[in-house]
Amino acid sequence: MKIARLILEDGSQFVGWSFGFDTNTVGEVVFNTAMTGYPESLTDPSYAGQILVTTYPLIGNYGVPDTGLGDNGLPLFMESDKIHAKALIVADYSETYSHWNARESLASWLKREIIPAITGIDTRRLTKVLRESGVMMGKIVIGSLENPENPDHPNYSSVNWVEKVSCKEVITYQPQGEKKHRVVLVDCGVKANIIRCLIKRGIEVVRVPWDYDFNQLAFDGLFLANGPGDPEQCSKTVANIRTFLDNEDVRPCMGICLGNQLLAKAAGAKTYKLKYGHRSHNQPVQKVGTNQCFITSQNHGYAVDDSTLPSDWEPLFVNMNDGSNEGIRHKSNPWMSAQFHPEACSGPVDTEFLFDEFVKMLG
């Protein structure tokens, strides 16, 4: 294996060995504390533009499952049809893997997808840097530092990552069993399991690009998907959502992750960037006004500023660690959202009931 270096924008360097595709890259360096789920995380479009650091030390020991598509055009076991993370950083890559569902090693998959990866790095020290200083841009350099290729260091927030990962045309998914409702899903980088959770509840899903004017369509409800990057880049989506909210024909709406932020912005609230984000399977979330607490799967770097919500909106969930917003709802209309991932793939499924709540709102 070749020597590989992660160089942060503050000058910090971490040296390890390449076990993915040998190529240099640049991205926003973020960490995830989950113990499992690297196939799902790597294929989550919300990681587009980011170098993913896993704090759990042993990665790759259960290999990679089938990366193909099923009969409905959705990935069999992944969250999209390709890896979206720019690179992977681990402490200890396991060359030997064992799992009944494994089809190949993590290294072979990364090489096939042309994604660099580094093992042997002190991820505890790296995570401490990111927690204390905040997430920052970094570059991976494979091989000697003498005259390395020097990728540009663009500001992560300056790129419209949603535009890069969203579908380019309208795609319709038929429900499993009897069709009950027709829902428009705005694809800002949707995870496949969100669509699975909807179609198995009898919903026909009409997946539209991030900037598509869905208000021209006939549908029973609106679903705002997750996605990468700064919500400020999605002004077209926000404008379309605002038109939907202003329509006299009030129909249900649910948002997840970036969808929570876009719904809030359409309502008139503001968003801000978290110091190092929430990326884990163990984020405790409390339902506002109750003593109910849920363990949630999360992957986001931005949050809604509760204090800027209009008077007819209110927080629905709050993060028990840092007090940040984890969801909003309208006080009278059937509109709600969650900053966490109720579909939780991978992660705990404690909050999947929110999809049932959305179906109830549809009538």
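Index from 1, following the sequence.
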Assigning hydrophobic clusters by single linkage (Ile, Leu, Val, Met, Phe, Trp, Tyr; side-chain heavy-atom cutoff under 4.5 Å), is [X] placed with [Y]?
X: Ile256; Y: Val359; result: yes
X: Phe223; Y: Leu362; result: yes
X: Leu88; Y: Ile51; result: yes
X: Val285; Y: Leu263; result: no
X: Met1; Y: Val90; result: yes

So, using side chain to side chain contact (heavy atoms under 4.5 Å, CB included) as the criterion, who are the partners of [X] when residues are at least two apart?
X: Lys164; value: Val159, Trp161
X: Phe353; value: Phe294, Thr351, Asp356, Glu357
X: Glu104; value: Val64, Thr67, Ser108, Trp109, Arg112

Query raised in the report: Is there a side chain to side chain contact (heavy atoms under 4.5 Å, CB included) between Ser337 and Leu224 once you walk through the steps?
Result: CA-CA 8 Å; Ser337 56; Leu224 309 174; over 6 Å; no

Donor-acceptor pair, [X] side chain versus [Y] backbone, under 3.5 Å?
X: Glu113; Y: Ile83; value: yes
X: Asp92; Y: Leu58; value: no
X: Glu9; Y: Met137; value: yes
X: Glu352; Y: Val349; value: no
X: Lys275; Y: Leu130; value: no
X: His300; Y: Tyr302; value: yes
X: Asn24; Y: Ile142; value: yes
X: His281; Y: Met35; value: no
X: Lys331; Y: Ser311; value: yes
X: Thr290; Y: Gln286; value: no

Query raised in the report: Would Leu354 and Met254 satisfy side chain to side chain contact (heavy atoms under 4.5 Å, CB included), going step by step from the backbone distance to the final call?
Result: CA-CA 9 Å; Leu354 288 178; Met254 177 175 172; 3.8 Å; yes

Taking atom types as modelled, is there a side-chain donor on [X] or [Y] under 3.5 Å from an acceptor on the other?
X: Asn226; Y: Asn299; value: no
X: Asp44; Y: His84; value: no
X: His330; Y: Ser332; value: yes
X: Gln233; Y: Glu163; value: no
X: Glu204; Y: Gln174; value: yes

Taking side chain as C-beta onward, heavy atoms only, is [X] less than 4.5 Å from [Y]?
X: Phe340; Y: Pro348; result: no
X: Phe355; Y: Ile203; result: no
X: Val53; Y: Ile121; result: no
X: Val170; Y: Tyr212; result: yes
X: Asn325; Y: Asn260; result: yes
X: Phe19; Y: Leu110; result: yes
X: Ser105; Y: Tyr93; result: yes
X: Trp210; Y: Leu258; result: no

Mark yes when over 12 heavy atoms from residues, nucleotides or ligands other than [X] sit less than 6.0 Å from its [atom1]; otherwise mark no.
X: Lys270; atom1: NZ; result: no
X: Asp71; atom1: CG; result: no
X: Met361; atom1: CE; result: yes

Requested in this report: Any ring-ring contact (aromatic ring centres under 6.0 Å, His included) involving residues 22-60? Give me the pairs, sequence neighbours left out, ordered by first then second residue.
Outcome: Phe31-Tyr276, Tyr38-Tyr62

Query raised in the report: With the threshold set at 4.0 Å, does a side-chain nitrogen-carboxylate oxygen contact exist between Glu232 and Lys265?
Result: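 Between Lys265 and Glu232 there is a salt bridge, with a charged N closer than 4.0 Å to a carboxylate O.
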
Query raised in the report: Under 4.0 Å between a Lys/Arg side-chain N and an Asp/Glu carboxylate O for Arg207 and Asp187?
Result: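 Salt bridge flag = yes for Asp187 with Arg207.
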
Query raised in the report: side chain to side chain contact (heavy atoms under 4.5 Å, CB included) between Ile89 and Ile140: does it pass, once the steps are laid out?
Result: CA-CA 10 Å; Ile89 307 291; Ile140 287 178; 3.9 Å; yes

Query raised in the report: Given the rule in the side chain to side chain contact (heavy atoms under 4.5 Å, CB included) test, do Phe317 and Gln339 qualify, once you have shown the distances and angles that lead to the verdict?
Result: CA-CA 8 Å; Phe317 297 99; Gln339 186 59 61; over 6 Å; no

Report task. For Ser324, enumerate each residue passing the side-chain hydrogen bond (donor to acceptor under 3.5 Å, both in side chains) test, keeping only those at least two apart in sequence or located in another chain. Result -> Asp322

Query raised in the report: How are the rings of Trp335 and Trp313 set to each other: parallel, tilted or perpendicular (split at 30° and 60°)?
Result: parallel

Report summary line: For Leu76, the hydrophobic cluster (side chain heavy atoms closer than 4.5 Å, chained through members) also holds Phe77

